[in-house]
Amino acid sequence: MHILLIGSGGREHAFAHQLKKSSKCDKLFIMPGNAGTAQEGINVPINPLDFAMVGKFCIDNEIGLLIVGPEEPLVKGLRNFFMADDKLKLIPFVGPTQEGAIIEGSKDWSKAFMQKYNIPTAAYRTFTFETIHEGVDYIKQHSLPIVLKADGLAAGKGVLICESHEEAITEFQLMLREQKFGAASAKVVVEAFMKGIELSVFVLTDGSHYKILPEAKDYKRIGEGDTGLNTGGMGAISPVPFADVTFMNKIESRIIIPTIHGLKEEKIDYKGFIFIGIMNMNNEPFVVEYNCRMGDPETEVVLPRMNSDLADLLLAAATGTLADQTLSISNHHAATVMMVAGGYPETYAKGDVITGLENDTNVLVFHAGTTKNTKGEIITNGGRVIALTSLGENLHSCIYQSLQVAEKINFNNKYYRSDIGYEFK
Ligand code: GLY
C-alpha cells in the first residue's frame, strides 16, 4: 500500500517512523515533511493547502491511505474536497470533514456541543462585536482568573488567562474591536478558569467505534518548573501517573462515549483522531478543549508505546472497521525532550547547522523544525527543532537517556528543559 502523510513536524516524523515499520507500507510519502521524515520515506514538496495538487498527487501515486497530521487542512476542508470527487472519495482518509474539524475550528461550537451532550467543561458565554457591551458587563462580575478564547484557529496563541478584570476587558476589546487574532477572534468565548492538572487523551474513531490510545501529559511552558511563556510543547510523558483506571473510566463514560454519540447525533461522520484536553480537578475530569488531530509533542510518546500495526489501525478507522482491530500498548514508560532554538517561542534564528545527530543509542530522534541546506547539511527550520524520545522501565530512566542525547546534539543557541516529568519523579 502507498501511504501519504501530511505535515512537517515532530508529530509527523513519529507517525512516519511507526508507519514505515508496517508490513502494509510499501511506499511512504510525507507532504511536505522535514529532514527527519526524509529518512523514513519520500518528502513531497507540495503545499497541503493546495487541495487540487494534493488530489492529483494521490491519483498519480496510487495512494491507498491518506493521513492528515495538522488541523489546518482539515479545518479548511481537505476531506470535503476529496469527498466531492468520484476518484478521490475512494481513498481511505484519516481525518474528519470540515463539519467534524469544527470541534477544533470553533471554540464556540465545541462549548455548545459539550453543553448539549452534558459533557463536563467550564461554564462559558460567547460574545461578538455586536454584543461587546454585554460581554464587558459579564466579565466585570466574573470570578478571577478569566479565560478568553478566540473562537477560531489562532496558531496556538488565541487563549489568554487574565488575572484581573481590567486586563480581561482590555484583551476582550482588543480581540473583538481590533481583531487581535484576525478573523479567529470575531467571536470570543469567555470561560471560567479550571484549576487542576492537565492530561491529553487521544481517541481514534471510525465514527461508531473507537480506541483509546495511551494518554500523555505535555509541558507547555518554556522554563523549568513550568514557568515563562507558553510554547507548542517542550516535552511529554506517557503514561501519566494520575491517569489510573478509575480516572480513565470516568473520562470514557462521561466524555468519550458522549462525544462519539454527540457527533453521530449531529450527523457528523467523524473518521480520525480526537484529542481531548482534560483538566483533572480533584480527580474529576473536565474538557478544556477538543482538537481534530494528534498532539505534538504527545504523539512522540504515544506512538512509540503502541505495539499494534499503525497502518492497520488507521486503515480500519478510515474504512469503518475499527471494531475488528485490537490495540496493544506497551507497559514501558516514554518521555520526550524537545530541543528548541534559543529565543523560542519569541524570535529565534533559522538556518543553523545541527551536528551530533549520529545516534548509536535507543533514543528516537524525531525531527520537528529541520530541513537541509544546499550543502546537504541538516539545519534548523523552526522554533521546535528535535524531539528526543526514550522508552524505559521508569520515567526517570527515560528522561536520563533523552538528556544524554540532547547534550550531544548541537546547534547555535540550543535550549531544552531538563525537568520534563518533574512532578512524578
Ligand atoms: N501539545 C498540544 C497540542 O498539540 O496542541
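Both counts, for ligands and for their atoms, begin at 1 and track the order of listing. Position 1 is the first residue of the sequence; numbering continues from there.
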Applying side chain to side chain donor-acceptor pair (under 3.5 Å), name anything that partners Ser8, two or more places apart in sequence or on another chain. none

Polar atom proximity, Glu289 to ligand 1 (N or O, under 3.5 Å): no

Under the side-chain contact (heavy atoms from CB on, under 4.5 Å) rule, collect the residues that match up with Ser328, sequence neighbours excluded. Asn307, Ser308

Backbone of His142 reached by a side-chain donor or acceptor of His165 within 3.5 Å: yes

Which of the atoms in ligand 1, numbered in the order shown and given with their element, are less than 4.0 Å from a heavy-atom of Asp218? 1 (N), 2 (C)

Mutual orientation of the aromatic rings belonging to Phe81 and Phe51 [parallel < 30°, tilted 30-60°, perpendicular > 60°]: tilted

If you count the atoms of ligand 1 from 1 in the order shown, which ones are under 4.0 Å from a heavy atom of Gly295? 4 (O)

What residue and atom, counting heavy atoms only, is the protein's closest point to atom 5 (O) of ligand 1, and at what distance? Arg293 NH2, 2.9 Å

N/O to N/O below 3.5 Å, does that happen between Glu298 and ligand 1? yes

What is the ring orientation for Phe29 with His2, classed by angle as parallel under 30°, tilted 30 to 60°, or perpendicular over 60°? perpendicular

Using a 4.0 Å heavy-atom threshold (strictly under), name the region of Lys217 that reaches ligand 1: side chain, backbone, both or neither. neither

Return yes when atom CZ of Phe129 has more than 12 non-hydrogen atoms of other residues, nucleotides or ligands closer than 6.0 Å, and no otherwise. no

Does Gly232 reach ligand 1, in the sense of a heavy atom lying below 4.0 Å from it? yes

